[in-house]
Amino acid sequence: MCGTDEMEQKTLEKLQMTELEMLKELDRICRENHIPYILDGGTMLGAVRHGGFIPWDDDVDVRMLRESYDRFCEVCKTELDGRYFLQTYKTDPGYRWGYARILKNGTVFKRKGQGKMRARNGVFIDIFPDDVLPDTFWGRKRCTCISWLCRKLLYSEVGALNKSRFTSWLGFNFLNMFPKEWGHRGFEYLTEKYRNTDSPYIRCLCWGAEFETEGFLKKWHMETAEYVFAGLKVPGPADVKGYLSHIFGDDYMMLPPKEKQRPGHTADYIDFGEDV
């Protein structure tokens, strides 16, 4: 168990090994059902720079094109190991985000500031769906504006509890009055509108980082290579330099300053269950 703001090394290592379990289960399902995926963000960087987890990293992220993501969610209904739960807004009424998670049953991970959320809780890995991003100026503007509003609406439950500025608190409380389903419907609208658009760009609509707004090259999903992550062979973009430079900049192989070498998901409380 852990109730401190900063994870102790032993707790962080246990968290990483629990997440690795779930990555292995995701990889098993994807390989057996021919569902493509790639490592994402810091997980991909960790594979290239460290051969596994970045030593201070506390999460695992993967990406899938929308068609693969939908297939994965469907297959998990019957093939996901009973030790785990696929969490989406369709499987958990209290869950607000537009991407899926695999949770380990019997665990607890209370992220700081989100302890009062009504969603099921546990140690998790994230699965991000990538949708087509139009390569026209106005198409991108439409995607940016609608997806931004949807993300703010879905985040409003957290923002209403944690924002200290009065204007932010007021804005999120106002948005929190509307059904969260409106946010999900907005994402679905964009997914369907541009699904068959001939564009080389994709993005995760439900994640708001600047590099998402700029878009990813679809070829990074289509042209892949095998990498080793903590002893597990996993797929990632063949053009790993282009992919990681897009997210982290050209100096992605350099370690950040010591003060930035810390977990990104501060937890109020962690419980690994009976197998600790």
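Basis for what follows: all heavy atoms, side chains included, without hydrogens, waters or symmetry-related copies. Please read these numbers as outputs of a predicted model, since none were measured by experiment. Along the sequence shown, the residues carry numbers beginning at 1.
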Looking at Cys143 and Leu190, what are the two nearest heavy atoms and their distance?
O-CD1, 4.0 Å

Mind checking whether His246 and Phe211 have parallel, tilted or perpendicular rings, split at 30° and 60°?
perpendicular

Could you check whether any side-chain N or O of [X] sits under 3.5 Å from a backbone N or O of [Y], counting only pairs where one atom can act as donor and the other as acceptor?
X: Ser199; Y: Leu133; value: yes
X: Glu212; Y: Cys204; value: yes
X: Asn33; Y: Ile35; value: no
X: Tyr37; Y: Val234; value: no
X: Thr107; Y: Val123; value: yes
X: Tyr95; Y: Tyr99; value: yes
X: Ser156; Y: Leu153; value: yes
X: Arg96; Y: Leu154; value: yes
X: Gln261; Y: Pro256; value: yes
X: Lys180; Y: Pro93; value: yes

Residues [X], [Y]: salt bridge by 4.0 Å N-O rule:
X: Glu67; Y: Lys218; value: no
X: Lys10; Y: Glu13; value: no
X: Glu157; Y: Arg118; value: yes
X: Arg195; Y: Glu192; value: yes
X: Arg28; Y: Glu25; value: yes

Heavy-atom count check: over 12 atoms from other residues, nucleotides or ligands less than 6.0 Å from [X] [atom1]?
X: Asp250; atom1: CG; value: no
X: Met17; atom1: CE; value: yes
X: Phe174; atom1: CZ; value: no

Decide whether a cation-pi geometry holds between [X] and [Y]; the criteria are a distance under 6.0 Å from NZ or CZ to the six-membered ring centre and an angle within 45° of the ring axis.
X: Arg120; Y: Phe85; result: yes
X: Arg142; Y: Tyr194; result: no
X: Arg140; Y: Tyr201; result: yes

Take Glu21 and Lys24 through the test salt bridge (Lys or Arg N to Asp or Glu O under 4.0 Å) and record every step on the way to the result.
CA-CA 5 Å; Glu21 286 178 30; Lys24 290 178 178 178; over 6 Å; no

Are Phe109 and Tyr269 an aromatic pair by the rule of ring centers under 6.0 Å?
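So the answer is no for these two rings.
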
Only one of Leu20, Thr18, Leu12 clears side chain to side chain contact (heavy atoms under 4.5 Å, CB included) with Gln16; which?
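Filter result, single survivor: Leu12.
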
Would you please say whether a donor-acceptor pair under 3.5 Å links the side chains of Tyr69 and Asp130?
no

